[in-house]
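Only heavy atoms go into these numbers, but all of them, side chains included; no hydrogens, no water, no symmetry mates. Predicted model, so just to flag it, every value in this text is computed and none were measured.
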Amino acid sequence: MRNLTVALSIFMLLLSGWSPCQSSEGFLCGTPHLSFIKEGLRGSIHNNFSDENALRPPVPSAPTLPIGTERTFFAPDFRSMQQYTVTAVLRGVGSFCYVFVEASEWNTRVTTETVQSIVRAFDTSTPADPRRGIYQTLTQSFGAPPDIDGNGKIILLLLNIRDANHINQYTAGFFNPADQSRGVLRNPGFRSFPIRSNEADMLYVDTQPLNPNSETAQNVIAHELLHLIHWGHDPHEATWVDEGCAGYASFLCGYSVLEHVAAFERNPSISLIAWPEVDTDALPHYGATFLWMLYLHERHGGLETLTEIVQNRGTSLTGIADALASNGNRTQEISDIFNNWKIANYLSDYRTIRLSLEPRRWHRSYPSGTQDGQLSNFSADYIGFEDASGLTLGFSSRSRENSTVHAIEFHNTGDVHKREIVLSTNGSGSIVLPDTVTQAILIPSLQSQGINTQTQNTQYQYNATRGAHITFVTAAIPNPVHSQYWDIIAVPSEPLIGLAPSVTLIRAENNAERLHQESQAMYRVTPDSQNNHTYRLSFRLDPEIAPESVMYQISLDSRIVDTRSLK
């Protein structure tokens, strides 16, 4: 019944023409800054939310607090990385929430109308479903949050969060795992200072510069509530998964994801699984992780998969693989899903959102020359080629076993084709684009699920040529030691990336030519001091065959570039 309700809600949004990409602000979540607390709590709090405890009788509800109740909270200062105290007054009570407001913000940034709108959004109505609030939407989808204080409500503390505001970016809210402990945490702490717990199920919501009267503030509350729910099920989840699920929670409630998705559109080559330490670099990561979760929802099991990701105890890629397997997806590797996802992002192949990615670079004249690139693990690069008819795209990676490269072809017929460039044992490969291709996108990626996944990276090279631009200097040299052997040498006019010339031997006999040896690929010799690449092929010639009767034919991508006699 729960899944049917969610499906109907999304269906109604699609019918109404609703788009999640509406105007919003580039807000940041402060929860990643507190992720070190998760490790400090490892083993100490985990048992509070074990499956065994979930079967115990619930804690009796505490008496409802009256409006006007004053309380002092401990809050983290993200500038000094210490705690300070906030005096706040209870200004609103809902079925599922208490709304406390920092005393200095009352009747300045926060009014009675502000509190009423927040309680309404939390309890009864969201853009996605006017009959269900944030709390019911998320708890019915992902499970109940913890209830450490036994009052059955979530405290929403509206305060002026102390953070290092950046231009157009600020900490709009956070969930603090320390509040799920009791007493004082002494290791770890903010720069070795002790951390005091509020011993409450609570979320922090900014009032400056975030407008607490805006829909964005409600968006933040949905985002942070999912962090609390997720922590209750899996307190040690990787930040990128935690943030991706929180972004999906906002989307599920009908709130905008525009700024985060737009940041990813402008910088799509970031790593999916590595969360940046600097806030100014974080916005595209919110977009990437949200889109990953949305893709899993649309292509790999719907809401049930996202619920399993939140509720299972596995972390990072392992947790996602476990969630997919438990939801029936046992055949496709995470790396394969990632490859499909990277292509879907460029083609905007989603049912509920529209993307327009910006390639890192466009090429419009050829040859392109040898170009270098670098990939972090679980990242993809996007390189565009205009006037792509007949181009040869060559690619070479230093990490063949974990690298893949695809090309998207846009044909003048309107057709769009996706092709994988098969890499050889030395990590190189190439494709020739048909004459009907007007534009192409090269998408290399790295995806390794081995040890230290977040720190792995690789370098790659690519080039784009039309064969006629490349010429060769060639020679046939008899081997000075073994008289029956010959070496064919070829030096191209520019480096070949993902390509190798081949040699076919043709023999003239009785005024006719016939094939003497099938085409064989030449191998690359180590470049010289001028970085010139030389290609070589050795072969044996029987003594009874006159060398002057044999011709060698050198080809590149089926184009003959040189034909000469051995003598």
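The ring of H297 has its center closer than 6.0 angstrom to the ring center of Y248. Side-chain rings of Y286 and W275 approach one another, their centers coming within less than 6.0 Å.
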I'd like to know whether W231 forms a side-chain contact (heavy atoms from CB on, under 4.5 Å) with T31, so could you lay out the CA-CA distance, the side-chain angles of the two residues, the decisive distance to 0.1 Å, and finally the verdict. CA-CA 11 Å; W231 192 94; T31 305; over 6 Å; no
Could you go step by step and tell me if Q456 and S399 meet the side-chain contact (heavy atoms from CB on, under 4.5 Å) rule? CA-CA 10 Å; Q456 293 189 31; S399 180; over 6 Å; no
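Each of S376, P444, S448, S403 was checked for a side-chain contact (heavy atoms from CB on, under 4.5 Å) with T458, and the lone residue meeting it is S403. Among V220, L283, D163, the single residue meeting the side-chain contact (heavy atoms from CB on, under 4.5 Å) criterion with L28 is L283.
For the residue pair N412/T438, the side-chain donor-acceptor check at 3.5 Å is not satisfied. In this structure, a donor-acceptor pair under 3.5 Å is present between the side chains of S502 and S519. Side-chain contact, E215 with S256: no donor N or O sits under 3.5 Å from an acceptor N or O. Between the side chains of Y462 and H363, at least one donor N or O lies within less than 3.5 Å of an accepting N or O.
Relative ring orientation between W292 and W341 is described as perpendicular, the plane-to-plane angle rising above 60° on a 0-90° scale split at 30° and 60°. Under the 30°/60° scheme for interplanar angles, the aromatic rings of F78 and F174 are found to stand perpendicular.
Although no hydrogens or angles enter the test, the distance criterion places a donor-acceptor pair under 3.5 Å between the side chain of H233 and the main chain of F142.
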